[in-house]
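Below is one structure; the comments refer to it alone.
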There are 2 protein chains.
Amino acid sequence: MATITDVAKEANVSVATVSRVLNKKNSVKPETVERVQKAIEKLSFEPNMSARNLRRNETRVILIIAPNITNPYYSHILAGIGDAANESKYSALIYNTSGDIAREKAGLEMLKKKRADGAILLANGMNSTWIQEYSKEYPIVQCSEYALKLDIPRISIDNYKAATDVMNYVIGLGHKRIATISSSNNYVSTALRLQGYLDSLKCHDLEIHKEYISMASVDYSFKSGKSCAYELLQQKYRPTAIFCISDILALGAITAASELGIRVPEDLTVIGFDDVDNTTMFHPYITTIAQPCYELGKESFRILNACMNDEKGINKKIVLPHKFIIRESSAPISI
Amino acid sequence: MATITDVAKEANVSVATVSRVLNKKNSVKPETVERVQKAIEKLSFEPNMSARNLRRNETRVILIIAPNITNPYYSHILAGIGDAANESKYSALIYNTSGDIAREKAGLEMLKKKRADGAILLANGMNSTWIQEYSKEYPIVQCSEYALKLDIPRISIDNYKAATDVMNYVIGLGHKRIATISSSNNYVSTALRLQGYLDSLKCHDLEIHKEYISMASVDYSFKSGKSCAYELLQQKYRPTAIFCISDILALGAITAASELGIRVPEDLTVIGFDDVDNTTMFHPYITTIAQPCYELGKESFRILNACMNDEKGINKKIVLPHKFIIRESSAPISI
DNA sequence: TTCTAAAATGTAATCCATTACATTTTAGTA
DNA sequence: TACTAAAATGTAATGGATTACATTTTAGAA
């Protein structure tokens, strides 16, 4: 593997000049530039990144801490981050943590070790404070989930607003017995959606029934959506609408309903959240809140990039718009 | 940020000794080790990876070249690679190429630039030969897809066998008018599955009808599965079974059938491939070939690791077992 | 106690690109 | 032609960890 010294010899110049050509400094004579470039080509030289990074004290690598890259919600964000990073000549190191905080920390250690210049966290718990110590020293942004009390840049949708959008719509359809399938995880998004659900009921003078609030397992899985829905739907006064905090849960709820002989949307309105791939793969197509996943990813990188460049006046709380998409799984109540 | 020199001073030893402690060389007195470790802790020192990598001429990073991390098939492989890599203290740099060869190459340049020690390709076209030049110089393995004429390590299932498994089963159910939804991409997997389809028909003295071979768009999308199925099913002698080379295509086919009033599996048998998440999310659950995605990923890393360590006698053609899972979308023909 | 081999530690070169500072070349002016 | 400022190029230090080789310390033998 050729080094800059080899190129310098080949082109009959000093290493400094080669470096200037590499970094497009303009104080090199055009003919010299050409001579150097020919040498570079001839030796098929590529600068050694470790050496460059050592000297420049940067890596052009960012870290992505994700709980589960297999989840399409995250994978779309990942794609957005990756594309934005690429445009700015950054590479993305992905840490799949399976929600294990030890692995999250192990990932962030990469910052200390100078393997990466900054990090994007995709699933920061709303009460976690340990990020702070890293955030003080390194550029970190939180995407879609965030810790409540920390002043670390974050990008997300307005989950509370989204939930009230859903509820206003459902209530507008005439539903009064409205259930929700939430989760016992530790995410702000979950908390805010639940709060939106509760506040909307209150706001419309509808009673809050504990039996209508079901907690899915932390993984939001299809299975748990199904079993939550089973419970909800087998009550004496079963709900006529279910607001699920993810599409997969909604899918599970619809499956449960169909197995119980309850028609969606005629007998039951089901609303999802996220609008990932599966919402229009079979009927009824799911009414849902669409999150701009890819854009969330792109924007996260933009902010991280700004932080890495020490730009002033970075907006630390970015809210991207969601979209409420009405499809087939919701309908006015039929008494 | 503390350096090894700072630690050396703090512990009153030379940098060499600190380095020995860091790298667990045994020629250091236990008490010295302790002293150094205290200094490391006190200064919260972490070795600078760029410096280490430069000196060691390795990066402990591997490259993953993937066409679309959003596709659950790939994302499961990615998860497998990531976990295996982590176990061996490697990090994974993911390049999402969107199938763009220029970006694949840009990714592989990372090897030349010493940003990564090896690469795993997830979607190498069956005729692409350009990889060879990289493979000669750097450890590269191909996962699930591979170039036919190159002697580069590869891990995959036996796609031909899987296809004949499907066909033998379908033919055994009594079907004679069997269609396939394939794709006009450039993957061996696709070619082998089609070959398996054709050979099985021949082998059972069934005629091959061009009208029964439908080519989906290269992205294997739900939409294109649906439109292919529409075409297949609106023929005069419509097929009674469709072998789809992906579950998403099968999902599309089932949707098309249901929209045309054709019942699955009573009037039409539909078989998928891959067994990603969506096969059991609604009825009919899809009969399909399950690929061991996660294991394919893990095994890919193992092989790559062996290559990076210059191990001898590496098996260059690894075939992992697939599983044929019979569910609800297939049934004996009802004449 | 003295000597020797082994153990422990230290010194300095090395990996390779970048860049501050130094020197040489060039172009333009007087 | 002589001189100066600007342009072009070169020299050598730098970044931080590793490691070959050198030196010192220690333990055990004589």
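By convention in this document, chain letters (A, B, ...) are assigned in the order of the sequence lines, proteins followed by strands, and residues within each chain are numbered from 1. Note that the structure is predicted; figures quoted are calculated from it, not measured.
- Atom CE in M49(A) sits about 14 Å away from atom P in dC16(C), given to the nearest Å.
- Heavy-atom contacts from other residues, nucleotides or ligands closer than 6.0 Å to CD of E34(B) number 12 or fewer.
- S19(A) comes within contact range of at least one nucleobase, with a heavy-atom separation under 4.0 Å.
- Across all strands shown, V13(B) has heavy atoms under 4.0 Å from sugar-phosphate atoms exclusively, and none from any base.
- Across dT18(C), dA8(D), dT11(C), the shortest atom-to-atom separation from the side chain of T32(A) is found for dA8(D).
- Protein atom CZ of R20(A) is 17 Å distant from nucleotide atom C1' of dC16(C), rounded to whole Å.
- Counting atom types as modelled, R52(A) pairs no side-chain N or O with a base atom of dG15(D) as donor and acceptor under 3.5 Å.
- In this structure, E46(A) places its CD atom 11 Å from P of dA17(C), rounding to the nearest Å.
- Between R302(A) and E299(A) a salt bridge is recorded (basic side-chain N to carboxylate O distance below 4.0 Å).
- Between L54(A) atom CG and dT18(C) atom C1' the separation is 10 Å, expressed in whole Å.
- No close placement of the Y220(A) and Y73(A) rings is indicated, their centers lying 6.0 Å or farther apart.
- In terms of modelled atom types and a separation under 3.5 Å, the side chain of R60(B) and the main chain of S91(B) share no donor-acceptor contact.
- Comparing dA17(D), dG10(D), dT18(C) by their closest approach to the side chain of N48(B) singles out dA17(D).
- Where K29(A) and V28(B) each meet DNA chain C at their nearest nucleotide, the meeting point lying more 5' is that of V28(B).
- Going from atom CG of N57(B) over to atom P of dA17(D) covers 18 Å, rounded to whole Å.
- Y187(A) and Y146(A) have their aromatic ring centers separated by at least 6.0 angstrom.
- Counting to the nearest Å, the C1' atom of dT18(D) and the CG atom of L22(B) are 10 Å from each other.
- Mapping A51(A) and V33(B) onto DNA chain C via the closest heavy atom, the residue that lands nearer the 5' end is V33(B).
- Among the heavy atoms of the strands lying under 4.0 Å from N23(A) are primed sugar atoms or P, OP1, OP2 only; no base atom is included.
- Ranking dA20(C), dA17(D), dT18(C) by closeness to the R56(A) side chain, first place goes to dT18(C).
- The base of dT14(C) is paired with the side chain of R55(B) by a donor and an acceptor separated by under 3.5 Å.
- D219(A) contributes atom CG, which lies 12.0 Å from atom OG of S98(A) (distance to the nearest 0.5 angstrom).
- Within the 4.0 angstrom heavy-atom criterion, no nucleotide atom of any strand lies near S50(B).
- Contacts of T3(B) with the nucleic acid, taken as non-hydrogen atoms under 4.0 Å apart, involve only primed sugar atoms and P, OP1 or OP2.
- Nearest to the side chain of S14(A), among dG10(D), dA17(D), dA8(D), sits dG10(D).
- Residue S27(B) is classed as a base contact, given a heavy-atom separation below 4.0 Å to a base.
- Whole-Å rounding puts the K113(B) NZ to dC16(C) C1' distance at 16 Å.
- I4(A) has its CD1 atom 13 Å from the C1' atom of dG10(D), to the nearest Å.
- Of the candidates dG10(D), dT19(D), dT19(C), dT19(C) carries the atom nearest the K25(A) side chain, counting heavy atoms from C-beta on.
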